Amino acid sequence: FVDHDDEEPPRSYELDMPLSNFHALIFSVSFEPDYLGLVLALKRAGLAPLTEDRGPRDPLVVAGGIAVTLNPEPAAPFCDLMGVGEAEVLLPPLLPLLLEGPHRDDLVARAARLPGWYAPTSAPPDPVTRQHLPALERPCMPVILGQGAAPNARVDLEVSRGCRWRCRFCAAGFVVTPYRELTPEQLGPALDWAIEQRARVGLVGTDVSDHSHLMAMAQAIWRRGGEVALPSLRVESLARKGSQAVELVRLRPPRTLTMAVEASTPSLRCALNKKVSQQQLLDAAQNAADAGVSQLRLYMLVGVPGETEQEVEHIATLTGELQAAGPGGQLSLSVNGLVPKAGTPMQWLPAPDLKYLRRCRRLLRKRLGKAGIRLQFESPDWTRWQALLSLGGRAASRHLLRGAEQGWRRALAAAQGEEPLLQGEGRRPGSEVPWGFIGGRLGDDVLAQEYDALEQRLYTPPAKLWGRGQEVEE
């Protein structure tokens, strides 16, 4: 649907109908803060947000997406059905039921028996098994493109799903499994359409720089007269002369290249399960400069368990070293507070401490301002709002209701005195979590072992976690 402005209720794109006229509304939720968007959409459509307050003539509210797959519980009171896993598997058996008509209670009961689906108003089966494709057949891509796009606008195409590397903070490596790629041949029809719509094609995936067919995909785009838009790239790939990532950047250097550094010291990067040396960082920056890149953008995290303020201060030192080794243009640094994700070894952590995040921001602003480095530091409040929704149970729905009425900042302020997760109280590793009924992912015993490795700053080779047949080049 299209949400035009704050004055008019949202209406459907194709038929220009109010949302309340439909038998079912299906939401794809990519990020935990989007749960608030779901509640706001229902309110603005004139529908009661809570399932218990809607009647038999109201649309069914159905939700899926990666946020739901990780932890559906904060949004559970607003949904009649929730799907755990990938849409290509979940939707085909559900859609025929929805087309049968608005026999609400019977439909919900039948749908809840489908693999990967559950009805929050009744006790979920144990477990609700995450559904996934064994292999990708075609890319996820936009269905509707906005009008009047900027000249540098792009069409994003999914080229892989999941990740081989198992960074301990990232759900893609622990939950979105197995790792799967698309070939240039599978992308062909989508590339033809994308380049007809926009001049640039964005390659979407958590590990695009190590894609087996990276150069072949880029050449397919170039042959069609398009340009490649790259996401952030792995330092290890950019540091390795002759890698596909380095070759692509050399042939068509982007103006800005983004590198995911994550932490300032090798030890702290090992805690995150990223085995990246200081020399690799410098080599990656040098390779970018040699290829003709104009400027670098770096991503870093703060709030890693066990992190010291000296290590935070070292972010400024490392950034200066990379600025000296890399392109001569202005260097940008984006720093986010670490948001623990369900289904990862960090799922038992509390939200990062507010005062600590603010101290980190002050420290880096002071150090980097003198060096002329552009710093973007995510709002500490926004980090903690994300963490609350990432880790909260069904009771977190009250914060979403308050956020829909008063805004998320006031909802967060009220939650500070109510939620142990916002007061530095995490969960004991191995203890029950609100999303514990979801199956089809790594067991808590493995996650607890990785939590211990995180605290000891030990690196676990990805092959050890993936098992045979999924080995990757270190």
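Positions are given from 1, in the same order as the sequence printed here. Since we're looking at a predicted model, the values are computed, not measured.
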> What do the steps show when you test Q376 against Y299 for side-chain hydrogen bond (donor to acceptor under 3.5 Å, both in side chains), and what is the final call?
Replying inline: CA-CA 10 Å; Q376 294 176 301; Y299 285 156; over 6 Å; no
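- A 4.5 Å side-chain heavy-atom check between L203 and V228 finds at least one atom pair inside the cut-off.
- Under a 3.5 Å cut-off, the side chain of S209 and the backbone N or O of R234 do form a donor-acceptor pair.
- When all heavy atoms of P127 and G439 are compared, the closest pair comes out as CB-N, 3.6 Å.
- Using a 4.0 Å cut-off between a side-chain N of Lys or Arg and a carboxylate O of Asp or Glu, R384 and D353 do not qualify as a salt bridge.
- Q386 and P33 get closest at one heavy-atom pair: CG-CG, 3.6 Å.
- In this structure a side-chain-to-backbone donor-acceptor pair under 3.5 Å is missing from S390 to A387.
- Under 4.0 Å is where a charged nitrogen must lie from a carboxylate oxygen, and between K43 and E405 at least one such pair does.
- One finds no salt bridge joining E262 and R269 here, because no Lys/Arg side-chain nitrogen approaches an Asp/Glu carboxylate oxygen to under 4.0 Å.
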> Are Y35 and F78 close enough, and set up right, to give a ring-ring contact (aromatic ring centres under 6.0 Å, His included), and what steps lead you there?
Replying inline: CA-CA 9 Å; Y35 284 147; F78 313 116; 8.5 Å; no
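- Every residue two or more places apart in sequence or in another chain was checked for a side chain to side chain donor-acceptor pair (under 3.5 Å) with T121, and none qualifies.
- Scanning both residues, N71 and A342, for their nearest heavy atoms gives CB-CB, 4.0 Å.
- Residues L94 and L81 have side chains in contact (heavy-atom distance under 4.5 Å, counting atoms from C-beta outward).
- Looking at L364 and V335, their side chains come closer than 4.5 Å, going by heavy atoms from C-beta outward.
- Counted by atom type alone, S237 and D210 present one or more donor-acceptor pairs between their side chains at under 3.5 Å.
- Ion pairing between R180 and E86 holds under the 4.0 Å rule for side-chain N and carboxylate O.
- Listed here is the closest heavy atom pair of R200 and A229: NH2-CB, 3.5 Å.
- Between E181 and S212 there is a side-chain heavy-atom pair separated by less than 4.5 Å.
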>> E88 vs R161, test: salt bridge (charged side-chain N to carboxylate O under 4.0 Å, His left out). Steps then yes/no.
In response: CA-CA 13 Å; E88 297 96 329; R161 193 175 297 176; 2.7 Å; yes
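- For the pair V62 and W117, the minimum side-chain heavy-atom distance is below 4.5 Å.
- V235 and M259 get closest at one heavy-atom pair: CG2-CB, 4.3 Å.
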>> One pair to check against side-chain hydrogen bond (donor to acceptor under 3.5 Å, both in side chains): Q347 and D444. What are the steps and the verdict?
In response: CA-CA 10 Å; Q347 68 178 6; D444 284 354; 3.3 Å; yes
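- Every residue meeting the ring-ring contact (aromatic ring centres under 6.0 Å, His included) condition with H213, not counting sequence neighbours, appears here in chain and number order: H211.
- Side chains of E313 and R367 form a contact here, defined as non-hydrogen atoms less than 4.5 Å apart.
- Using a 30° and 60° split on the angle between ring planes, W408 and W385 fall in the tilted class, from 30° to 60°.
- Listed for the Q186 side chain is a donor-acceptor partner under 3.5 Å among the backbone atoms of T183.
- When the shell of 6.0 Å around CZ of R394 is examined, it contains more than 12 heavy atoms from other residues, nucleotides or ligands.
- With respect to the salt-bridge test (charged N to carboxylate O, under 4.0 angstrom), the residues K275 and E236 do not qualify.
- What you find for R358 and P380 is that their closest heavy atoms are CG-CG, 4.1 Å.
- Here the side chains of S264 and V312 are not in contact, with every heavy-atom distance at 4.5 Å or above.
- Not counting sequence neighbours, R402 has no partner by the side chain to side chain donor-acceptor pair (under 3.5 Å) test.
- Neither side chain, S232 nor R297, offers a donor N or O lying under 3.5 Å from an acceptor on the other.
- With a 4.5 Å cut-off on side-chain heavy atoms, N273 and F169 do not count as touching.
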